[in-house]
Structure formats: structure tokens, C-alpha cells
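Letters go in sequence order (proteins before strands), and every chain restarts at 1. What you see is a predicted model; the values in this text were computed from it and never measured.
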Amino acid sequence: MPTQFSEDVIRVLKAIPRGSVATYGQVARLAGNPRAARQVVRLLNAYSSAEELPWHRVINKQGRISLKRGSGYELQKSLLVQEGIRFDKADNIDLSKYQWRPE
DNA sequence: AACCTGACTTCGG
DNA sequence: TCCGAAGCCAGGT
């Protein structure tokens with residue numbers, strides 16, 4: 001059985017709207033544990049295929065994709081671009097513009 | 001049963 | 001501002 005925290009993380013992930021992004025820490029914070037960013041990573045790996053999670057809408061705090069080139073980076077970027085998110089020349093996303101701000 | 005690892009952040013000095 | 005340590009925790013070795 002998943003922990004309460006895990007369930008909350010899943011719930012938060014599913015709530016990220018199309019066209020917005022959230023950071024690992026932000027998801028952890030919204031789920032109740034600001035310091036569990038790494039756990040969010042684990043959950044993404046564990047459930048992104050089983051559950052239908054918008055895993056590509058989660059990026060790091062620097063506004064960059066954390067995946068390595070050749071290991072998903074390109075896929076994630078294309079999925080985000082499809083949702084209308086723009087990358088600058090350094091492949092950075094403007095968080096002030098695209099970061100999800102739950103009400 | 002330790003020890004390492006990971007698509008990360010935050011904290012304290 | 002910079003840097004290391006701590007926090008998170010289940011799954012793999």
C-alpha cells in the first residue's frame with residue numbers, strides 16, 4: 001500500500017494543468033513535505049506508466065529538464081513544446097511564465 | 001541487512 | 001553567494 005504522502009503526490013501530479021510546469025520541490029511541498037523532492041522522482045518512475053501522469057510537466061527548479069540527453073530529454077522537451085511551452089536558447093523554461101500556480 | 005542510487009531541494013555555516 | 005550535508009525512501013545490488 002502506498003503511503004499517504006505518495007497518494008498526495010500522485011494527486012498533485014494529476015492536477016498539473018496542460019501548458020504549465022511544476023518543479024519537483026513544488027510538488028513535494030504541495031503534497032505536504034517540502035523536502036521530499038527525491039521521493040517525487042521515485043514516484044514518477046514508479047507510477048508514470050501505470051497511472052496516467054503528466055510526468056513531462058515536472059522539471060527542476062532551474063527551469064531545466066533534468067533528464068539526460070538521449071535518455072528522455074528530447075521526448076520531454078517535445079511534449080512540452082506541443083503544449084505551447086517555449087524554451088530559450090539555453091533550453092531553459094521561463095518559470096515566472098509557465099510555472100503552475102495552484103489557487 | 002547494510003549500502004548505493006536517483007528526472008531534487010533545502011538548510012546551515 | 002557558495003558549498004557540503006541533510007532530508008526523503010523504496011528498490012536494486
Side-chain angles (χ1 to χ4, degrees):
Chain A
M1 280 295 284
T3 64
Q4 180 61 54
F5 175 70
S6 298
E7 292 179 11
D8 288 340
V9 168
I10 300 301
R11 184 160 33 252
V12 170
L13 289 171
K14 288 184 173 176
I16 304 173
R18 198 184 148 75
S20 294
V21 296
T23 67
Y24 300 93
Q26 177 183 12
V27 172
R29 188 167 60 255
L30 291 172
N33 190 338
R35 292 178 271 182
R38 304 194 74 156
Q39 180 60 5
V40 172
V41 170
R42 281 205 70 265
L43 292 171
L44 281 180
N45 275 300
Y47 297 97
S48 61
S49 52
E51 309 278 336
E52 300 210 341
L53 302 179
W55 60 272
H56 57 282
R57 306 210 261 247
V58 185
I59 61 177
N60 64 36
K61 203 184 181 183
Q62 324 315 317
R64 299 185 91 295
I65 290 175
S66 292
L67 291 171
K68 293 175 184 170
R69 299 256 176 193
S71 302
Y73 187 101
E74 293 79 2
L75 172 61
Q76 182 170 15
K77 180 175 178 180
S78 70
L79 287 171
L80 290 175
V81 168
Q82 279 180 45
E83 299 192 349
I85 290 173
R86 311 224 328 213
F87 288 72
D88 66 17
K89 287 183 179 177
D91 257 5
N92 277 62
I93 292 174
D94 183 350
L95 285 179
S96 69
K97 198 170 179 179
Y98 298 107
Q99 183 169 197
W100 178 37
R101 289 183 185 68
E103 305 180 35

* Please state how far atom CG in A:Asn33 lies from atom P in B:dC8, giving the value in whole angstrom units. => 17 Å
Exercise answer: donor-acceptor pairs, residues 23-33 of chain A side-chain atoms, under 3.5 Å, sequence neighbours excluded:
| residue | atom | partner | partner atom | Å |
| --- | --- | --- | --- | --- |
| A:Thr23 | OG1 | A:Gln26 | N | 3.0 |
| A:Gln26 | OE1 | A:Thr23 | N | 3.3 |
| A:Gln26 | NE2 | A:Trp100 | O | 2.8 |
| A:Asn33 | OD1 | A:Arg35 | N | 3.1 |

* Got a sec? Which of residues 66-84 of chain A come in under 4.0 Å of DNA chain B, heavy atoms? -> A:Ser66, A:Leu67
* To do: Round to a whole Å and report the spacing from CG of A:Leu53 to C1' of B:dA7.
  => 14 Å
* To do: With a 4.0 Å heavy-atom cut-off, tell me which residues in residues 16-28 of chain A come close to DNA chain B, sorted by residue number.
  => A:Thr23, A:Tyr24, A:Gly25
* How many Å lie between CD on A:Gln99 and P on B:dT9, as a whole number? -> 10 Å
* Asked: Is there a donor-acceptor pair closer than 3.5 Å between any side-chain N or O of A:Glu74 and the backbone N or O of A:Gly70?
  -> yes
* To do: Grab the CH2-P distance between A:Trp55 and B:dA7 for me, whole Å please.
  => 13 Å
* Asked: Which residues within residues 37-48 of chain A lie with some heavy atom under 4.0 Å of an atom in DNA chain C?
  -> A:Arg38, A:Gln39, A:Arg42
* Atom P, compared across B:dT5 and C:dA5: separation rounded to whole Å -> 16 Å
* In whole angstroms, how far is the P atom of B:dT9 from the CZ atom of A:Phe5? -> 13 Å
For residues 43-53 of chain A, tabulate all N or O donor-acceptor pairs below 3.5 Å that involve a side-chain atom, not counting sequence neighbours.
| residue | atom | partner | partner atom | Å |
| --- | --- | --- | --- | --- |
| A:Asn45 | ND2 | A:Val41 | O | 3.3 |
| A:Ser48 | OG | A:Leu44 | O | 2.7 |
| A:Glu51 | OE1 | A:Lys14 | NZ | 3.2 |

Under 3.5 Å, N/O pairs linking protein and nucleotides 11-13 of chain B:
none

